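Working notes for the structure below.
Convention: sequence-line order gives letters A, B, ...; per-chain numbering from 1. This is a predicted model, so every value here is computed, not measured.
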Amino acid sequence: MYQHYNYWLSGLVAYCFCEVVSEQVLDIMTSPKLVKRVENLHATLHEHNYRYYVLADPVISDQDYDKLFQDLQTLEHQNPSLISTDSPTQRVGSIAKDRLFRRVTHRIPMLSLQNVFDQQALLEFDHRLKQRLQSEGIDCRVLQYVCEPKLDGVAISLFYRQGRLEQALTRGDGHAGEDITSNARTIRLIPLKLRHQGYCPGELEVRGEVYISRQGFEHLNQQMLNRNERVFANPRNATAGSLRQLDSGITAQRPLLFCAYSVGIHSTWVNAPKLHSQWLEILVELGVPVSRDYEVKQGIEACMDYYKQQLLKRTTLDHDIDGVVYKIDDLHQQQLLGSVSHAPRWAVAHKFPAEETMSIVKGVDYQVGRTGVLTPVARLKPTQIGGVTVSNATLHNIDEMQRKDVCVGDTVTIRRAGDVIPELISVSLAKRPSYSQPVPIPTTCPVCGARVVRFDKLVALRCLGGLSCKAQLKQSIQHFSSRKALNIDGLGVQLIEQLVDQQWVRNVADLYQLDKNKLASLPRMGMKSAENLLTAIEHSKQTTLTRLIYGLGIREVGEVTAELLTRHFHTLQALMQADAAYLEQLDGVGSVVAQSITSFFAEPHNQKQLTDLQKLGLVWLEENPETSPKLLQGQIWVLTGRLRTLSREQAATRLRALGASVLTQISSRVTTLVVGEAPGSKQGHAEKLGIEQINEAEFLERLVST
DNA sequence: TTGCCTCGAGATCA
DNA sequence: CTCGAGGCAA
């Protein structure tokens with residue numbers, strides 16, 4: 001630990017130096033001898049770093065290392081032209097100029113992992129894989145897995161070009177993450193330059209976890225305490241917080257560690273590995289740290305042994321792990337298995353049982369959601385669990401609450417499900433106090449007093465107050481102004497609360513008639529804030545049909561459906577006139593959604609709302625400019641039979657991307673029918689109506705040419 | 001659901 | 001200095 005600490009200090013020294021150096025514009029003639037000397041120092045320091053961090057087998061003392069490090073610094077200081085970006089002294093750059101981290105798309109998405117919590121689910125996982133592989137003609141009575149501990153930190157991706165660290169990204173939503181290169185460079189376990197240049201692929205993306213050791217965490221918090229700053233709640237938050245610093249000088253002072261667990265994009269070469277475990281070995285040779293605890297196992301039973309072994313080992317480790325991960329070792333098998341939307345099929349996280357704690361139910365409140373659904377929420381005596389304080393736990397619905405038999409005053413067991421959402425597991429009847437009362441089921445809304453009903457067969461209670469219920473109104477407005485809807489910047493929950501309570505806003509249209517002076521009179525609002533808000537509101541008047549449809553908060557209509565409706569109808573007028581039967585024909589719209597849409601627009605009150613918005617100057621683009629050009633815009637396509645090259649879902653997605661609507665039934669409005677193998681009755685139907693029919697080859701041709 | 005960082009702006013005190 | 005909003009990660 002303290003050895004690591006010495007190295008961070010060296011990092012600090014480097015920080016001071018490069019600040020000075022960058023201001024000098026010296027251009028001293030450099031002798032070949034000097035160049036050689038600097039190169040040697042680079043190589044030596046990289047080698048010692050590698051031995052220290054990756055192999056955990058240093059061959060020189062810290063003092064000697066620091067001496068070499070300082071030699072290099074002195075040389076670079078005297079000869080700035082010799083400083084290269086992968087020099088061991090260049091870990092800390094300057095403060096990020098552009099105040100936000102740039103968003104960058106991952107070339108291969110960073111998926112998350114399926115989780116299992118017990119042996120049963122794990123056996124099913126293994127069984128599924130065998131079946132899938134067998135159907136691909138692979139003999140696989142025993143699957144070979146790579147087992148490794150699952151570190152509890154923050155996932156990142158490192159991109160190396162010609163062996164040099166070029167870009168570091170956070171995982172983000174898996175699709176795109178943030179560019180944290182300057183912060184990643186300060187982590188000493190992350191090589192700026194890979195070893196064995198000749199052998200390493202030209203492009204290599206390393207994926208792994210940034211984390212903090214328990215000791216490092218204690219030490220950091222002690223430091224924060226000494227400086228009178230706030231301490232971190234747990235190592236993971238400290239890690240995430242450190243990576244988000246705009247000043248990488250601060251990141252450099254944090255005891256961040258790194259451990260790689262896989263490879264993303266990479267150039268291929270003759271001896272490219274065939275196994276995941278071979279990749280891990282290559283990473284070690286390239287100087288990238290990987291877990292020392294990984295093992296290759298034959299069959300899922302062996303994996304379970306590994307799990308038990310790691311579970312025992314857990315407490316002795318210097319860092320948090322929340323489970324172990326099993327991956328199919330054979331890369332070809334991985335490829336055959338492929339992925340589902342959010343996770344690869346060939347890997348699974350076997351999670352350790354979540355930490356459980358006792359707490360006391362101080363009360364149960366009912367929360368009223370945007371659509372009026374009442375959700376019981378247990379208010380708990382604040383309790384530490386897994387490094388955070390939990391004081392609320394949702395009980396989901398009345399059935400759930402009654403099944404668990406929750407009473408006020410009960411002592412209960414809680415845990416964080418999936419390590420995120422607090423969950424009330426059970427009540428301890430033995431500890432139930434005599435005064436405890438069952439939680440009353442409300443018959444009226446706790447917010448507006450309107451009648452509460454429970455529709456047949458539905459578990460949910462619903463407040464009938466509609467928008468005259470303040471809770472529903474507040475949430476509708478929040479939804480309307482949210483980023484993906486009308487995007488009114490600066491209109492947060494607190495402000496909405498006040499606007500509604502003052503009765504200045506009774507519906508979304510009222511937002512467009514707010515008075516600046518009145519606004520400025522609110523607490524924590526001044527002239528400046530009021531002006532900014534009004535500008536943001538004004539700005540939101542120019543919007544798109546998709547945003548408007550989504551923002552209206554029609555039940556069952558989210559982002560995706562809103563986009564779908566825009567693509568198909570193009571105008572609000574057309575959407576409002578569509579009947580349920582027609583809507584249901586749209587691929588992606590079922591009877592429930594169709595019903596929701598028609599009943600929303602049938603409501604006179606909603607119709608008035610829309611005309612009011614228009615009168616107040618709201619305009620929307622009926623084509624969606626936020627997506628690529630639509631060459632099949634306005635066309636309606638139907639698919640029949642089996643396609644050889646694409647799944648039907650893939651084909652539909654491609655068509656929609658080009659602006660076409662995809663329906664499941666033939667009608668006179670359909671423009672084109674794609675006929676695959678073994679077509680159904682749709683073909684005959686289309687024939688009668690004289691609709692254009694094309695086969696798979698023509699279809700593919702059309703996809704490329706448009 | 002909680003905790004963290006950053007930003008802008010209001011509040012407070014000298 | 002403090003707060004609210006917004007964004008991010010698990």
Upstream residue (5' side of DNA chain B) when T394(A) and A238(A) are each assigned their closest nucleotide: T394(A)
List for me each residue that meets side-chain contact (heavy atoms from CB on, under 4.5 Å) alongside D118(A), sequence neighbours excluded, and say none if there are none. Q120(A), A121(A)
In whole Å, what is the span from the CG atom of N183(A) to the P atom of dA9(C)? 13 Å
Regarding N392(A), tell me which of base, sugar-phosphate or nothing describes its non-hydrogen contacts under 4.0 Å with the strands shown. sugar-phosphate
Value in whole Å for how far the P atom of dA9(C) lies from CD of E209(A): 12 Å
Candidate nucleotides dG4(C), dG3(B), dG7(C), ranked by approach to the side chain of V388(A) - the nearest: dG3(B)
Side-chain donor/acceptor of D179(A) to backbone N/O of Q167(A), under 3.5 Å: no
Interatomic distance where CG belongs to L380(A) and C1' belongs to dT1(B) [whole Å]: 12 Å
Classify the ring geometry of Y211(A) against H319(A): parallel below 30°, tilted from 30° to 60°, perpendicular beyond 60°. perpendicular
Looking at D320(A) and R214(A), is any side-chain nitrogen of the basic one under 4.0 Å from a carboxylate oxygen of the acidic one? yes
Would you call R416(A) and E355(A) a salt bridge, taking side-chain N to carboxylate O under 4.0 Å as the test? no
Sorted by chain and number, sequence neighbours left out, side-chain contact (heavy atoms from CB on, under 4.5 Å) with K404(A) holds for E400(A), V406(A), L424(A)
Give the nucleotide from the list dC4(B), dA10(C), dC7(B) with an atom nearest to the side chain of R236(A). dA10(C)
Assign S391(A) to base, sugar-phosphate, or nothing according to its heavy-atom contacts below 4.0 angstrom with the strands shown. sugar-phosphate
Is any side-chain heavy atom of V348(A) closer than 4.5 Å to one of V325(A)? no
If you check the P422(A) side chain, which of dT2(B), dT1(B), dC5(B) turns out closest? dT1(B)
R483(A) vs dG6(C): side-chain N/O to OP1/OP2 distance below 4.0 Å: no
Separation of E423(A) atom CD from dT1(B) atom C1', in whole Å? 13 Å
Does a nitrogen or oxygen in the side chain of R244(A) sit under 4.0 Å from OP1 or OP2 of dT6(B)? no
Would you kindly give the CD1-to-P distance between I385(A) and dG3(B), to the nearest whole Å? 12 Å
Of the candidates dC8(C), dG3(B), dA9(C), the side chain of T389(A) sits closest to dG3(B)
For dC4(B) and Q245(A) - does any side-chain N or O of the residue sit under 4.0 Å from the phosphate oxygens OP1/OP2? no
Can you identify which nucleotide, out of dC7(B), dC8(C), dA10(C), has its nearest atom closest to the D152(A) side chain? dA10(C)
When we call it a touch if two heavy atoms are under 4.0 Å apart, what does G153(A) touch: a base, just sugar-phosphate, or nothing? sugar-phosphate
Above 12 or not: heavy atoms from other molecules or residues under 6.0 Å from NZ of K484(A)? no
Map S242(A) and V390(A) onto DNA chain B by nearest heavy atom, then report which one ends up closer to the 5' terminus. V390(A)
When the distance from CG of N237(A) to C1' of dC5(B) is rounded to whole Å, what number comes out? 11 Å
Identify which nucleotide among dG6(C), dA9(C), dT6(B) has an atom closest to any side-chain atom of D489(A), counting heavy atoms from C-beta outward. dG6(C)
Counting distance only, does the side-chain N/O of T170(A) pair as donor-acceptor with the main-chain N or O of E178(A) below 3.5 Å? yes
Over all strands shown, is A155(A) touching base, sugar-phosphate only, or nothing at heavy-atom distances under 4.0 angstrom? sugar-phosphate
Could you pull out the protein-nucleic contacts involving nucleotides 9-11 of chain B (nitrogen or oxygen on both sides, under 3.5 Å)?
{"from": "dA9(B)", "atom 1": "OP1", "to": "N532(A)", "atom 2": "ND2", "distance (Å)": "2.5"}
{"from": "dA9(B)", "atom 1": "O3'", "to": "S529(A)", "atom 2": "OG", "distance (Å)": "3.3"}
{"from": "dG10(B)", "atom 1": "OP1", "to": "G526(A)", "atom 2": "N", "distance (Å)": "3.4"}
{"from": "dG10(B)", "atom 1": "OP1", "to": "S529(A)", "atom 2": "N", "distance (Å)": "3.0"}
{"from": "dG10(B)", "atom 1": "OP1", "to": "S529(A)", "atom 2": "OG", "distance (Å)": "2.7"}

By the 4.0 Å heavy-atom rule, please label A233(A) as base, sugar-phosphate, or nothing. sugar-phosphate
Remember a base hit wins even if backbone is also touched, and classify T170(A) as base, sugar-phosphate or nothing at under 4.0 Å, heavy atoms. sugar-phosphate
For L533(A) and dG6(C), what is the distance between atoms CG and P respectively, to the nearest whole Å? 10 Å
Separation of I488(A) atom CD1 from dG4(C) atom C1', in whole Å? 17 Å
Give one of base, sugar-phosphate or nothing for L243(A), where a contact means two heavy atoms less than 4.0 Å apart. nothing
